[in-house]
Structure formats: C-alpha cells, structure tokens
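Step one of this worksheet: look at the structure below.
The sequence lines fix the lettering, A, B, ..., with proteins before strands; numbering per chain opens at 1.
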There are 2 protein chains.
Amino acid sequence: MNKEDQKDSDLFEGYSRILTEFFERMNSWEQSVVSGTGVSLAQMHLIEVIGNRGELRMKELAGILGVTTGTLTVMAHRLEEKGYVSRSKDEQDKRSYFIRLTEQGVQEYRNHHHMHFHLIEGIVDALGEEEAEIFFSNLKKLQGSI
Amino acid sequence: MNKEDQKDSDLFEGYSRILTEFFERMNSWEQSVVSGTGVSLAQMHLIEVIGNRGELRMKELAGILGVTTGTLTVMAHRLEEKGYVSRSKDEQDKRSYFIRLTEQGVQEYRNHHHMHFHLIEGIVDALGEEEAEIFFSNLKKLQGSI
DNA sequence: AAATAAAGTTTGACTGTCAAGCTAATTCCC
DNA sequence: GGGAATTAGCTTGACAGTCAAACTTTATTT
C-alpha cells in the first residue's frame, strides 16, 4: 500500500465511522419517536408509506416495504384490528385488495410526520440554511450510488 | 401561515423526503449486504460493535446495542453456537462475562467492514473529494442534534 | 376449455424483543 | 463481620416480524 492509498484508507475509515454513527442515531431517534405511540416501528413504516402514497394494493405495498405478501397479510390484519388501516376488494381484479388508512391511521401519520418536520428543523438549525441546502442536495445526489 | 413559513414548509417537506429515502436506502443496502452471510442484521451489528471496540462485558454490549441483557443473553448464545463469539468469566467480578470475537467472527467482521469501505468509496466517487469532505463534516456536526 | 400465472392467505419455524422473576456475586452500611 | 441492597447475567413466557412453502381463488394465455 503506497502513501496515497494509506491516506485514503485512514480518511475513509473516519468517514465510515461517521456514517455508521449517523445511521445508528437515526435508528434510535426513530425508535424513540415511535415508542410513545401504540404502534411498532415496522407498523409505523407501513402507515407512513400509505400516508405518502395513498391507497395501495397489497402486492404493491409489500414490494415497497420489502417484505413478502405473507408477512404483509399478518401485519395488515394486526393494524386492521387496532383500527389504523382498512381494506377492500378491488372490483376490477377480485384477487386483489386495496389497503388505506382509517381516520385514526391518518392521525397517527400526521403526528409522525410532524416529528420528522421537527427533526429537519433541528438539522437546518444546526447547519445553517445555506449549508443545509448543500447537505440535502448531496444527500439526494447519493441516492444513485447506494 | 405567512409566506416565509410556507416557503420553509415546502422546503422542509422536500428535505424530509430526501432524508427518509436516504435512510431507507441505507437500510436495504445493509440488509442486502448481510444477506449473503450466515448471520442476520442484528447479529452483524453485534459482531461489528465487538470488532470495533474489542472484548466487552455483556452489560456494556447490551447498553451499546440498546437491548436488555436478557435479549443479549440469547443472541450471544446463538452466535456462540455458530462459532462467531466466545465468552469467558471475569475473574475480578465473577458475576460478569467478557464476550469477544473468535477467528471466524473476526473474519466476518473484516468482510463486512470491507463492504462499508466500498460504500464510502462509492460516496466519495459520487460527490468528489472536496464535496465529500464537506458532506461528512456536516454529517458529523449533526451528531449533536439527532 | 385447459393450463398457467398471479394475488393473497395460512401455517410452521425461527429470530428479536421485553418484562418479570430468578441466582449468584458484590458492595454498602451499621 | 454480617445483613441489606444492588448488580450482572440467566430464564421464561409472550408477542411481533420474518420467510418459505403449500394452498385458494381469480385472471390470463394458448
């Protein structure tokens, strides 16, 4: 390993730690935000996706969440029992169901969304408006390479 | 809501989506990286922590991972059975155990670490060296506010 | 019309998780 | 020193999340 490579190695090592730490902090932030509500993290994620995109077919939702339809079936049933989502048959394709948020589900979605908004405020505060803009534009740029 | 607030609202909305998307991509990157190995994501995380910090007491490790000692006991047993970690009594405090990586555990840690390194290379490539430096320094700055 | 494919469900197995109650060792305080 | 309180870890019971595989019902293809 030559001098240049060694330099990169140490630098990248540091970057790696920063990214890992950031990721872990985000995880526990999300966890702590969710732990005041009646739903788990995975359940909140489901609610968020429907909240963002509106009514979806089970298959589509499973794809977005990255789980099998079997997994989704049981999650959906639990959330249905708790009153956050409701489902209805697609009259066009009778194999298919639509899943959407109930009033209670929308409420939960709004609360959660509000917490995200606060988080963003904190970030913009910490970096300043100009730096924040650069930061988020870089974050966006990265979405191709991760 | 006045005009300024409205502007922030839309802007922050966009930022929020970028951050959420980044977070989700990182999650599935991590998931996909782990899914070629013999260990789960949570197990890899445990291996990573010991790999970074070296031998630890069960209590300390549970604290770092953010789980109860009960949870850790069962995870550690499973990883012990699979041959990734080993444990030994602390001769000073006989209630306590040290947990460390076996040779196989170290191997798994190195492989995973290597994947992280690649990820960082990808990021630096995508942003360019100067921008990358700014990006990571901002990421670091945020660790106080999340 | 029969064969094939697709959407969703069910079930069995396993991991991750916590809370609560347990044992054994340590520390604190009288 | 000796009893009380604390601490480290373990065990167990209960559940959520997860997948794969087998299944049912409906749609599509040939």
Side-chain angles (χ1 to χ4, degrees), chain A residues 24 27-28 30-32 34-50 55-100 108, chain B residues 24 27-28 30-32 34-50 55-100 108:
Chain A
E24 277 171 20
N27 259 319
S28 44
E30 195 78 31
Q31 182 57 65
S32 78
V34 133
S35 80
T37 70
V39 302
S40 73
L41 215 152
Q43 290 174 337
M44 186 61 88
H45 194 195
L46 188 158
I47 289 172
E48 246 184 312
V49 170
I50 307 182
E55 197 174 65
L56 287 167
R57 287 194 181 71
M58 294 286 277
K59 189 72 190 297
E60 296 169 326
L61 181 53
I64 296 167
L65 293 176
V67 300
T68 63
T69 58
T71 297
L72 180 56
T73 296
V74 342
M75 283 187 73
H77 283 171
R78 292 205 257 259
L79 280 170
E80 218 170 1
E81 268 173 21
K82 296 211 243 182
Y84 293 99
V85 305
S86 70
R87 300 190 318 150
S88 60
K89 268 215 157 83
D90 177 354
E91 285 306 319
Q92 258 59 56
D93 183 342
K94 288 196 175 131
R95 294 167 304 179
S96 199
Y97 288 91
F98 285 114
I99 178 168
R100 83 189 68 70
E108 200 67 52
Chain B
E24 277 171 18
N27 259 319
S28 43
E30 194 77 32
Q31 182 58 63
S32 78
V34 133
S35 81
T37 70
V39 301
S40 73
L41 214 151
Q43 290 173 335
M44 186 62 87
H45 193 194
L46 188 158
I47 289 172
E48 246 184 311
V49 170
I50 307 183
E55 194 174 65
L56 286 167
R57 286 194 183 71
M58 294 288 278
K59 189 70 189 299
E60 296 170 325
L61 180 54
I64 295 167
L65 294 175
V67 300
T68 63
T69 58
T71 297
L72 180 56
T73 295
V74 341
M75 283 186 75
H77 283 172
R78 292 205 257 255
L79 280 171
E80 219 170 359
E81 268 172 22
K82 294 212 242 179
Y84 294 99
V85 305
S86 69
R87 302 189 317 150
S88 58
K89 267 214 158 85
D90 178 355
E91 284 307 318
Q92 259 59 58
D93 182 342
K94 289 198 174 129
R95 293 167 306 180
S96 199
Y97 288 90
F98 285 114
I99 178 169
R100 85 188 69 69
E108 200 67 55

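- Considering only side-chain N and O atoms, A:Gln43 lies under 4.0 angstrom from the phosphate OP1 or OP2 of D:dG17.
- Within 4.0 Å of B:Gly66, counting heavy atoms only, lie sugar-phosphate atoms of the nucleic acid but no base atom.
- Note: NZ (B:Lys94) to C1' (D:dC10) measures 19 Å, nearest angstrom.
- Looking at the side chain of B:Tyr97, the nearest of the listed nucleotides C:dG16, C:dA7, D:dG9 is D:dG9.
- Side-chain contact between A:Phe98 and A:Arg57: present, with at least one pair of heavy atoms (C-beta onward) separated by less than 4.5 Å.
- The nearest whole Å value for the distance from the CG atom in B:Leu41 to the P atom in C:dT17 is 10 Å.
- Toward the 5′ end of DNA chain D lies the nearest nucleotide of A:Val74, the other residue of the pair A:Val74 and A:Lys89 mapping further downstream.
- Across all strands shown, A:Asp90 has no heavy atoms under 4.0 Å from either base or sugar-phosphate atoms.
- OP1 or OP2 of C:dG16 lies within a sub-4.0 Å distance of a side-chain N or O belonging to B:Ser40.
- The side chain of A:Ser96 contributes an N or O atom lying less than 4.0 Å from OP1 or OP2 of C:dG8.
- Rounded to the nearest 0.5 Å, atoms CD (A:Glu30) and CG (B:Asn27) are 9.5 Å apart.
- Between A:Val85 and A:Leu46, the closest side-chain pair of non-hydrogen atoms falls below 4.5 Å.
- Residues A:Tyr84 and A:Gln43 form no side-chain contact, since every pair of their non-hydrogen atoms from C-beta on lies 4.5 Å or further apart.
- Comparing D:dT26, C:dC18, C:dG8 by their nearest atom to the side chain of A:Arg87 picks out C:dG8.
- Between A:Tyr97 atom OH and A:Thr73 atom OG1 the span is 9.5 Å, to the nearest 0.5 Å.
- For A:Met75, taking side-chain heavy atoms from C-beta onward, the closest of the listed nucleotides C:dG8, D:dA27, D:dG17 is D:dG17.
- Distance CG (B:Leu56) to C1' (D:dG9): 15 Å, rounded to an integer number of Å.
- Across all strands, A:Thr71 comes closer than 4.0 Å to base atoms (heavy-atom distances).
- Residue A:Phe98 contributes atom CZ, which lies 12 Å from atom C1' of C:dA7 at whole-angstrom precision.
- The shortest distance between the side-chain N/O atoms of B:Arg95 and the OP1/OP2 oxygens of C:dT27 is not below 4.0 Å.
- The A:Thr73 side chain lies nearest to C:dT9 when the options are D:dG9, C:dT9, C:dC18.
- In this structure, the side chains of B:Thr71 and B:Leu65 stay at 4.5 Å or more apart for every pair of heavy atoms.
- One atom, CD1 of B:Ile99, and another, P of D:dG9, lie 10 Å apart when rounded to the nearest Å.
- No hydrogens or angles considered: a donor-acceptor pair under 3.5 Å links the side chains of B:Glu24 and A:His45.
- We find that CD of B:Gln31 is positioned 12 Å from C1' of D:dG17, with the value rounded to whole Å.
- If you measure from atom CG of B:Asp93 to atom P of D:dG9, you get 8 Å, rounded to the nearest angstrom.
- Counting only heavy atoms from C-beta outward, the side chains of A:His77 and A:Arg87 approach each other to under 4.5 Å.
- If A:Leu72 and B:Ala42 are placed on DNA chain C by their nearest nucleotide, the residue sitting closer to the 5' end is A:Leu72.
- Taken from CE in A:Met58 to CD1 in A:Ile99, the straight-line distance is 5.5 Å, to the nearest 0.5 Å.
- Helix-axis bend for the helix from C:dA1-D:dT30 to C:dC30-D:dG1: the local axis fitted to the five terminal pairs at one end deviates from that at the other end by 20°, rounded to 10°.
- Note: NZ (B:Lys59) to P (D:dC10) measures 13 Å, nearest angstrom.
- The side chain of B:Arg78 sits closest to C:dG16 out of D:dG9, C:dG16, C:dA7.
- Nearest-nucleotide positions on DNA chain D place B:His77 closer to the 5' end than the other of A:Gln92 and B:His77.
- In this structure, B:Arg57 does not reach the D:dA8 phosphate: none of its side-chain N or O atoms is under 4.0 Å from OP1 or OP2.
- Out of D:dA16, D:dG9, C:dA7, the shortest distance to the side chain of B:Met58 is found at D:dG9.
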